[in-house]
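Worksheet: the structure to be examined is printed underneath.
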Amino acid sequence: MQVPYAKGNDRFLAYAIDAGACAMFLFALVVLFEDACNSRAAGSALFACIFFLYQLAFLTYREGITLGKDTRHIQPVSSQGQPLTPGQKVIRAFFTALPYFFIGADRSLAWGAELLPPNALAVAPMIGILLLMADVYPLEFHKQPRTLTDRIARTIVVALPPPQPHRAPAFPMYSRHDAEFGVPPPDRDQSKP
């Protein structure tokens, strides 16, 4: 059976919409709590946390259909075609947000700089960018269009069938002899004097 994998451009657009939604939420938090989120470090670490919670919430409560995935009609499922297990949901959300933890790690983890080798935090943003690129690479250049996150969480993203409009009949769907609908309506010809 052919697996209806989601197209790469649908996944990119869905990801961009989801990242934009999280960025707007972060902007609202920064505006509300300007003193606490004033530095770039707090903002980038907070974005990674927001992105993780966003992904996890949609994986838990909407079967993985985020705002972006809803617009593109795609959904993550287990690689066996089953709904995601709780472990897969956490792993998928964590590895989706992981690059942003590294991108903001140069300043947000400055408190732990004594424990790390010199200049280790300076390369953290580059590691984050490389993780983003490594995550997307298999999606475009592999037989099975699955990201690195998909492979780690043992998931696939499938295209959903397009929604079908509900079409009600233009006339009542019963005949004079259908007893289940109660007393049949009078025949129009008999009602005339």
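Residues take their numbers from the sequence shown, with the count starting at 1.
Between A14 and I74, the shortest heavy-atom distance links the atoms CB-CD1, 4.0 Å. Across all non-hydrogen atoms, the minimal contact from R154 to Q88 is O-NE2, 2.9 Å. Taking both residues in full, the closest heavy atoms of P145 and R11 are given as O-NH1, 3.6 Å, listed atom of the first, atom of the second, then distance. Of all the heavy atoms in K89 and L84, the pair that sits closest is CE-O, 3.5 Å. Closest of all the heavy-atom pairs between G64 and K69 is O-CD, 3.2 Å.
The SG atom of C22 sits 9.0 Å away from atom OH of Y100, with the distance rounded to the nearest 0.5 Å. Of the inter-residue distances, the one linking K7 atom NZ with L139 atom CG reads 13.0 Å to the nearest 0.5 angstrom. Taking CG of L13 as the start and OG1 of T71 as the end, the distance is 5.5 Å to the nearest 0.5 Å. How far OG1 of T96 is from CG of L148: 10.5 Å, rounded to the nearest 0.5 Å. Residue M126 holds its CE atom at 14.0 Å from CZ of F102, rounded to the nearest 0.5 Å. Separating the CZ atom in R72 from the CG atom in N9 is a distance of 7.0 Å, to the nearest 0.5 Å.
Using modelled atom types, no side-chain atom of D135 and backbone atom of L132 make a donor-acceptor pair closer than 3.5 Å. Side-chain atoms of S78 do not come within 3.5 Å of backbone N or O of G81 as any donor-acceptor pair. Not a single donor-acceptor pair under 3.5 Å links the side chain of Q82 to the backbone N or O of V77. At distances below 3.5 Å, not a single donor-acceptor pair connects side-chain atoms of T60 with backbone N or O atoms of A57.
Side-chain atoms of T155 and R92 include a donor-acceptor pair closer than 3.5 Å.
Hydrophobic clustering (ILVMFWY, side-chain heavy atoms < 4.5 Å, transitive): I65 and Y15 are in distinct clusters. Both F94 and L131 are part of a single hydrophobic cluster, where members link through side-chain heavy atoms under 4.5 Å apart. No chain of hydrophobic side-chain contacts below 4.5 Å, direct or via other Ile, Leu, Val, Met, Phe, Trp or Tyr residues, connects F25 to L59.
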In a table with atom names and distances, give each donor-acceptor pair under 3.5 Å that connects a side chain of residues 47-55 to protein atoms at least two apart or in another chain.
unit_1: Y54; atom_1: OH; unit_2: D18; atom_2: OD1; d: 2.7
unit_1: Y54; atom_1: OH; unit_2: L67; atom_2: N; d: 3.4

Quiz prompt | Working for side-chain contact (heavy atoms from CB on, under 4.5 Å), residues R151 and H142 | solution = CA-CA 12 Å; R151 294 171 192 282; H142 222 270; 3.3 Å; yes
Practice problem: Under the side-chain contact (heavy atoms from CB on, under 4.5 Å) rule, what do V3 and I156 come out as? Steps first, then yes or no, please. | Solution: CA-CA 9 Å; V3 177; I156 58 175; 3.7 Å; yes
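The closest side-chain heavy-atom distance from F58 to E63 is not below 4.5 Å.
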